[in-house]
Structure formats: structure tokens, C-alpha cells
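First comes the structure, then the notes that go with it.
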Protein chains: 2
Amino acid sequence: MKTYSIGEVAKELNLTVYTIRYYDKEGLIPFVERSESGIRLFKESDIAALNVIECLKASGMPIKEIKNFIDWCSEGDATLQQRYDMFMERKATVEAQMAELRKTMEVIEHKCMYYQTALEAGTEDIHKQKNIAASIPASR
Amino acid sequence: MKTYSIGEVAKELNLTVYTIRYYDKEGLIPFVERSESGIRLFKESDIAALNVIECLKASGMPIKEIKNFIDWCSEGDATLQQRYDMFMERKATVEAQMAELRKTMEVIEHKCMYYQTALEAGTEDIHKQKNIAASIPASR
DNA sequence: ATAATCCTTAGAGTTAACTCTAGGTCAAGC
DNA sequence: GCTTGACCTAGAGTTAACTCTAAGGATTAT
């Protein structure tokens, strides 16, 4: 079976070798086998597992919680429920993150328009005028 | 004009007073005025500014870059172009983050289904069977 | 066979963003 | 007038996730 070196895996996953060794130290990839001389030999399935780890990381999960999941995987079918629950919870947090990003985007888009208008006018005062203008009728 | 204490602002924005003081230390809120005895007096507009800061933070912008923006704001109309460019760039990065979150979500949803099937079968082997089954016709 | 370029470990250093502590000052209520 | 709780600063401590260094072993290319 073909295997890959840590450098090859790092390049493929856009990680540094330091990061992969750090993940190993933290117990995220206990399944990676070694050559007689101690060199890590990554199988295709190990790379797939690293991709899942990257996905969990992208979902905002801290390394220690990812380790829990990896431990559950090693424990077999007895932990299927935990793993299912974990992914359902991940789904909920990612949905929440998407909702927050949409809110953030709204504010940013509003600011883009604000500065576009200000740029066209050559001054930010154009926005302050709005309120002054609105107050004129009352002052008449 | 009504003002608010740091504690009131912290509660309203769901921050700690430590965090707000830290932002002040980092130069994010130089416009907040003080009482004679040195106590911070937050105006409504200061709270609005903190909301923009929170928005930039939510977009993944580091504090030091947010400070650049705050400095530009103090410099007036001469920096309108920079500020516009900055928000346009923010818009692009938030769009990229949304795209990545969508990818992450796909993987997670796939995993949810994977574990649902495994739970129903009582074993993860159900997924390994797929490949074995697929290889049977060839082995006949 | 020897240089270059991988790989290994243990452990120290870095960075961002808080988070807290110590030692004070200040303002409101009893 | 005194206690209580919120405010202040300077600076130390924490945490997560890397990131790198030192010292050495293995593999490949000429």
C-alpha cells in the first residue's frame, strides 16, 4: 500500500510539518504507522482523517474536543451515539456561525455604501447633513 | 447628553469590562471621554463605534488592523479611500469565509447521515460493507 | 562516501486576545 | 461619616494553536 511522508501530506493539505507533528503530539492521529526507523507513514485513509480534522477545526472546534472524537473512533461502535450527537451539535454551531456572518456582512455592506457615498461627495459630512436637514423643518 | 459607565456598556454589548479596557489600551476607542476623576463616559455614538469594532472582529480582523481603521477615522476625509477599500476587502474575506463554512457544512451533514445510518445498523461496518458488496460481482 | 535533504524528538518561544490581580480612588446609600 | 461596590492603572498570567530550535538519524543523488 502506497504511503506518504509528513512533508508530502503537509504540502497536500496546506499545513506545515510542525502543525502535523503538533496534532500527533496532541493525539489527533494515533493511527498513523511508523517505519522501523520511526518515520511516519501516512496512508490515504490517514489523509482522509486529517481532512475531517481540518473540517472540525474549520467549524471552530478546539483541538482537545477533536481529540475526544478521535478517541471515540478508536473505541468502536459503543461510541456511535456520541459521535452522531457531536456532529449534530457541530451542525448547529456552524448554522449559528453562518447566521452571524450574514449579520456581519450586512453591516459591512452598509459601510461600503456609506463610504462610497462619502467618496463621491468628497466628504463624510454628507452623512451628517442628513440629520441636520431632518431637523430644519422643526426649527422653522 | 446621557452617558454610560464601562459596566453598563459591557453588559449591553456582552463584553467584559476587562475587554473594553483592553480595547482602550490598544487604541480602539480613543474618542471615549473621561470625567474629571478619570472615569470613562460612553456616549451613544461610542457604543455604536464599539458595535462596528465587534463587527470587524467578527469578520476576522485582528485588533491591530482595527486600530488602523480607527486612526483613519480620526484623520478625517483624507482617508476615505482607505476606509472604503478596507470595507470592500472585508466584504471579500467574509464572502470567502461563508464559502468555506458552506463546504464545512457539507462535510458535517454528510457525517451526520453516515452516523445515522451506522446507528440504525448498530455498527459502523455497514459502511465498510458497501465496498465489499461492490466487489462481489467482479469476484463471481 | 559525502553532501543535501529529508526525517526524528524534546522542549522552548511566539502571538493574539484576553483575563485577572494588586493597590488604589470615587460616589451613593444608610 | 462610613461602608459597599463600581471605577481606575500597571502589569502579570493564561490559553490555544502553533512555530521553531537543537541535536541528531535516515535516505537519495552524484
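Reminder, nothing fancy here: chain letters follow the sequence lines and each chain counts from 1. Heavy-atom basis, side chains included; hydrogens, waters and symmetry copies ignored.
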Less than 4.0 angstrom from a charged side-chain N to a carboxylate O is my criterion; do [X] and [Y] meet it?
{"X": "Lys11(B)", "Y": "Glu8(B)", "result": "no"}
{"X": "Lys43(A)", "Y": "Asp46(A)", "result": "yes"}
{"X": "Asp85(B)", "Y": "Arg90(B)", "result": "no"}
{"X": "Arg83(A)", "Y": "Glu124(B)", "result": "yes"}

In whole angstrom, give the distance that lies between atom [atom1] of [X] and atom [atom2] of [N].
{"X": "Leu28(A)", "N": "dC18(D)", "atom1": "CG", "atom2": "C1'", "answer": "13 Å"}
{"X": "Leu41(B)", "N": "dA27(C)", "atom1": "CG", "atom2": "P", "answer": "11 Å"}
{"X": "Ile20(B)", "N": "dT9(D)", "atom1": "CD1", "atom2": "C1'", "answer": "16 Å"}
{"X": "Tyr4(B)", "N": "dC7(D)", "atom1": "OH", "atom2": "C1'", "answer": "19 Å"}
{"X": "Asp24(A)", "N": "dA10(C)", "atom1": "CG", "atom2": "P", "answer": "11 Å"}
{"X": "Ile66(B)", "N": "dA16(C)", "atom1": "CD1", "atom2": "P", "answer": "13 Å"}
{"X": "Leu13(A)", "N": "dC18(D)", "atom1": "CG", "atom2": "P", "answer": "13 Å"}
{"X": "Tyr22(B)", "N": "dC8(D)", "atom1": "OH", "atom2": "P", "answer": "18 Å"}

Among the nucleotides [options], which one has an atom lying closest to any side-chain atom of [X]?
{"X": "Arg40(B)", "options": "dT9(D), dC7(D), dC7(C)", "value": "dT9(D)"}
{"X": "Arg21(A)", "options": "dT9(C), dA17(D), dC18(C)", "value": "dT9(C)"}
{"X": "Thr19(A)", "options": "dC7(D), dT19(D), dC7(C)", "value": "dT19(D)"}
{"X": "Ile6(A)", "options": "dT8(C), dC7(D), dC8(D)", "value": "dT8(C)"}
{"X": "Ile39(A)", "options": "dT8(C), dC18(C), dC7(D)", "value": "dT8(C)"}
{"X": "Lys25(A)", "options": "dG11(C), dC7(D), dA17(C)", "value": "dG11(C)"}
{"X": "Ser37(A)", "options": "dT27(D), dT19(D), dC18(C)", "value": "dT27(D)"}

DNA chain D nearest-nucleotide lookup for Lys64(A) and Ser5(B): closer to the 5′ end is Ser5(B)
Residue whose nearest DNA chain D nucleotide is more 5′ - Tyr18(A) or Ser35(A): Tyr18(A)
First of Gly7(A) and Gly60(B) reached from the 5' end of DNA chain C, by closest nucleotide: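 Looking at the nearest nucleotide for each, Gly7(A) comes out on the 5' side.
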For the residue pair Tyr115(A) and Phe87(B), categorise the inter-ring angle as parallel (less than 30°), tilted (30 to 60°) or perpendicular (more than 60°).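 The arrangement is parallel - the two ring planes meet at less than 30°.
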Considering just the side-chain nitrogens and oxygens of Lys67(A), establish if one lies under 4.0 Å of OP1 or OP2 belonging to dA17(D). no
Counting only side-chain N and O atoms of Tyr23(A), is one of them less than 4.0 Å from OP1 or OP2 of dC18(D)? yes
